Amino acid sequence: MKIPMLRDTLWIGLIFCLFIILLALPMGASAANWLQMGKDLLGTAAKPSATGVVSGLSDSDIAAGLKDALRVGTESVVGQLGTVDGFNADKAIHIPLPDKLETIRKYLEPLGMSGMLDDLELKLNRAAEQATPPAKQLFWDSIESMTLDDVQKIYSGPDDAATRYFEGKMSPPLAEAMKPIVDGALADVGAVQSYDALMGQYKSIPFVPDVKADLSSYVIEKGMGGIFHYLAIEEAAIRNNPVKRTTDILQKVFGAR
């Protein structure tokens, strides 16, 4: 009962202030001016306060909502990408061969060995698909480390603000944590063996330039890029589509915008 009474009291106070201002206006002031002043007064009351409250939400509420949006988004993205052809068949995030390896195609193709490059490219995508589900917990742990520092800016920012903030701040430690997962996936899908066989054939060709590629770092970079690509899409959907707000905190925070 106290909350509705307090809300009613605040509105009565606003209306009273507006009435006093209207009385102070010159007699010739137009109705349009009165209306505009009323809008300005009410608009000011609805703006974020200096204490970080927006629409009755605290910084901690907003931080919890942003973190939950990233968790829910990650869950959805992992389900999408962590399956067969999650990367390989998706034109937006398909992992091509590293540029260094693509340059040797002109040497292998005349010898009928370009299929080895195609096989390696497929296995790089398979490694990313296999590494994505175990990486989910790493993403969730990193999300928990977000601070309140930029909460208001992220909350009122563009539709992918939380994802881009998270990506910029957490990419280096995430990449380091994902390395053993990706290394294992590359070995499991046969990418390491394919690479060794490919380079063995390439080096048997006389006078070719020396070429090396770090498959692990490459797959980590491209795999994380794919996850962040779709995480940004999920965040935008949560911000704009009530159906996507599947938890109480998401409904509370994003329903109040």
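These numbers were taken from a predicted model, which means no experiment stands behind them.
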Can you find a heavy atom in the side chain of [X] that is under 4.5 Å from one in the side chain of [Y]?
X: Tyr218; Y: Ile95; value: yes
X: Thr147; Y: Lys169; value: yes
X: Phe166; Y: Leu174; value: yes
X: Arg126; Y: Val84; value: yes
X: Ile220; Y: Ser216; value: yes
X: Glu75; Y: Trp140; value: yes

Say you draw a straight line from [atom1] of [X] to [atom2] of [Y]; how long is it, rounded to the nearest 0.5 Å?
X: His94; Y: Asn88; atom1: NE2; atom2: CG; result: 5.5 Å
X: Glu129; Y: Gln80; atom1: CD; atom2: CD; result: 11.5 Å
X: Thr83; Y: Asp85; atom1: OG1; atom2: CG; result: 7.5 Å
X: Asp68; Y: Lys252; atom1: CG; atom2: NZ; result: 12.5 Å
X: Glu102; Y: Glu121; atom1: CD; atom2: CD; result: 7.0 Å
X: Ile104; Y: Ile205; atom1: CD1; atom2: CD1; result: 8.0 Å

Using every non-hydrogen atom in the two residues, find where [X] and [Y] come nearest and quote the distance to one decimal.
X: Leu108; Y: Leu198; value: CD1-CD1, 3.3 Å
X: Thr132; Y: Ala128; value: OG1-O, 2.7 Å
X: Met113; Y: Gln201; value: SD-OE1, 3.3 Å
X: Leu117; Y: Leu101; value: CD2-O, 3.8 Å
X: Pro98; Y: Leu124; value: CD-CD1, 4.0 Å
X: Arg105; Y: Pro110; value: O-CD, 4.3 Å

Is a donor from one side chain sitting under 3.5 angstrom from an acceptor on the other, for [X] and [Y]?
X: Gln130; Y: Asp188; value: yes
X: Thr163; Y: Asp160; value: no
X: Thr74; Y: Lys136; value: no

Is there a path from [X] to [Y] through hydrophobic residues (I, L, V, M, F, W, Y) whose side chains come within less than 4.5 Å of each other?
X: Ile93; Y: Val77; result: yes
X: Leu215; Y: Leu97; result: yes
X: Val189; Y: Met178; result: no
X: Val78; Y: Ile233; result: no

- prompt: Which class fits the ring pair Phe254 and Tyr155: parallel under 30°, tilted 30 to 60°, perpendicular over 60°?
  reply: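 Judged by the thresholds at 30° and 60°, the geometry between Phe254 and Tyr155 is tilted.
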
Whether Tyr202 and Tyr107 hold their rings parallel, tilted or perpendicular, with breakpoints at 30° and 60°: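 Because their plane-to-plane angle is over 60°, the rings of Tyr202 and Tyr107 count as perpendicular.
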
task: Evaluate side-chain contact (heavy atoms from CB on, under 4.5 Å) for Ser145 paired with Met170, printing each intermediate quantity in order.
output: CA-CA 9 Å; Ser145 70; Met170 298 309 305; 3.8 Å; yes

Polar side-chain atom of [X] near backbone of [Y] as donor-acceptor pair, under 3.5 Å:
X: Lys67; Y: Met146; result: yes
X: Asp119; Y: Gly115; result: no
X: Arg245; Y: Leu250; result: no

task: Report the C-alpha separation of Lys123 and Gln193 in whole Å, then their side-chain angles, then the decisive distance to 0.1 Å, and conclude whether the side-chain contact (heavy atoms from CB on, under 4.5 Å) test is met.
output: CA-CA 10 Å; Lys123 287 176 179 176; Gln193 299 90 322; over 6 Å; no

query: Given the rule in the side-chain hydrogen bond (donor to acceptor under 3.5 Å, both in side chains) test, do Gln137 and Asp141 qualify, once you have shown the distances and angles that lead to the verdict?
result: CA-CA 6 Å; Gln137 189 59 50; Asp141 291 344; 3.0 Å; yes

message: Heavy-atom count check: over 12 atoms from other residues, nucleotides or ligands less than 6.0 Å from Gln251 CD?
response: yes

- prompt: Just wondering, are more than 12 heavy atoms of other shown residues or ligands nearer than 6.0 Å to CG in Asp99?
  reply: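 Open: at most 12 neighbouring heavy atoms sit under 6.0 Å from CG of Asp99.
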
task: Decide side-chain contact (heavy atoms from CB on, under 4.5 Å) for Tyr230 and Ser76; before the verdict, give the C-alpha distance in whole Å, the side-chain angles of both, and the deciding distance to 0.1 Å.
output: CA-CA 9 Å; Tyr230 279 111; Ser76 176; over 6 Å; no

